[in-house]
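What's counted below: heavy atoms across the whole structure, side chains too, no hydrogens, waters or symmetry copies. Each chain gets a letter, A, B and so on, in the order the sequences are listed, and its residues count up from 1.
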Amino acid sequence: MPAPVRRSADWIAVAPPPSGGWGPWLRGVYDRLLAHFGYQQWWPAETAFEVIVGAYLTQNIAWSNVDRAIRALRGAGLLEPAALHSAPPELVETLIRPAGYFRQKTRRLKAFLDHLFTCYGGDLQALLRRPADELRGELLTLPGVGPETADSILCYAAGRPVMVVDAYTRRTFHRLGAFTGPDTPYDAMQAFFHAHLPRDGVLLGDFHAQIVALGKEICVSRQPRCDACPLADVCAYPRERRAAAGGELVGTADRDHVQAR
DNA sequence: ATCCTGCCGA
DNA sequence: TCGGCGGGAT
């Protein structure tokens, strides 16, 4: 078995490819997910601004809670840049309270709107039209926007062909055997998908959604339901568990005991 | 008690 | 690297 490819600076935390390469393998993974879960209406939003607000609010929060906050903002007529920009912070805090971290998130939304009105006169489309790499860098300078939030905005608000990766992606693809470690950095994971999939925004956006569906229902952190998993035939994890348990699918494999990052 | 479509500051 | 942010669902 060849040694995993790891280089110091921009190390590629990717295992040796299966026969046929990662591209066809990844397509196979997506096709299985799509057949199992169906196309995901992943980001229920009517406007780009609504996507952006949701991207801030959903950080570390179940979407059901975000949905309450979004509906409250809509009911107050604040789901629009100028209105939210001029709304008193105390009101915003009250409305988004169900989404948790409501003081932090109010400050961060205000910071985004300050930037939007200072640099773009409040013209959201002008911001979203910028070249993808420049837009990403600009978003990352804003407080409360890390790589996942920035890429969610790029993909689901700006419609760019960008793969959003997250904790689900890290867990599942480490179990599948694609990443050599559970600590694979965000940018390395994203580069893996970008390198081996077509730059198609609909495909990448739905792939992320499929991964989340799998991570919530089947590839959960403890006691994953490998018996019901549509990826079991291309996954290293059930084989490892079976080997570790001497034939039975019980307990957990070594993969689970390393801290993710 | 734990988890949830993270990020930041110390 | 770790704790804080914080409410709602299970």
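- Taking the ring centroids of W63(A) and W42(A), they lie at or beyond the 6.0 Å cut-off.
- L142(A) comes within 4.0 angstrom of sugar-phosphate atoms only, judged by non-hydrogen atoms across all strands, and of no base.
- For dC3(B), one of the phosphate oxygens OP1 or OP2 lies less than 4.0 angstrom from a side-chain nitrogen or oxygen of R222(A).
- Contact annotation for A99(A): base contact, defined as any heavy-atom pair under 4.0 Å involving a base atom.
- Remark: W42(A), W43(A) in residues 38-48 of chain A come within less than 4.0 Å of DNA chain B through at least one heavy atom.
- When the side-chain nitrogen and oxygen atoms of K216(A) are compared with OP1 and OP2 of dC4(B), none of them lie within a distance under 4.0 Å.
- A straight line from CG of L214(A) to P of dT5(B) spans 13 Å, rounded to a whole angstrom.
- For F193(A) and F173(A), the gap between ring centers is short of 6.0 Å.
- If you check every strand for non-hydrogen atoms under 4.0 Å, D166(A) touches nothing.
- Of the N and O atoms on the side chains of D166(A) and Y186(A), not one donor lies less than 3.5 Å from an acceptor on the other residue.
- Using a 4.0 Å heavy-atom criterion, one finds that V145(A) contacts the sugar-phosphate atoms exclusively.
- Annotation: dT5(B) and dG3(C) have their C1' atoms spaced 22 Å apart (nearest Å).
- Ring centers of H85(A) and F117(A): under 6.0 Å apart, within the cut-off.
- R97(A) forms a cation-pi arrangement with F102(A), by the criterion of a distance under 6.0 Å to the ring centre and an angle within 45° of the ring axis.
- A salt bridge links R71(A) and D67(A); the closest N-O separation between the charged side-chain nitrogens and carboxylate oxygens is under 4.0 Å.
- Nucleotides dT2(B) and dG4(C) have their P atoms positioned 16 Å apart, rounded to a whole Å.
- Rounded to whole Å, atom P of dG4(C) lies 14 Å from atom CG of N60(A).
- At dC4(B), none of the side-chain N or O atoms of S64(A) fall inside 4.0 Å of OP1 or OP2 (strictly under the cut-off).
- A salt bridge links R74(A) to E50(A): at least one charged side-chain nitrogen sits closer than 4.0 Å to a carboxylate oxygen.
- In this structure, R71(A) atom CZ and dG8(C) atom C1' are separated by 13 Å, rounded to whole Å.
- Side-chain N/O atoms of R108(A) include none lying less than 4.0 angstrom from OP1 or OP2 on dG6(B).
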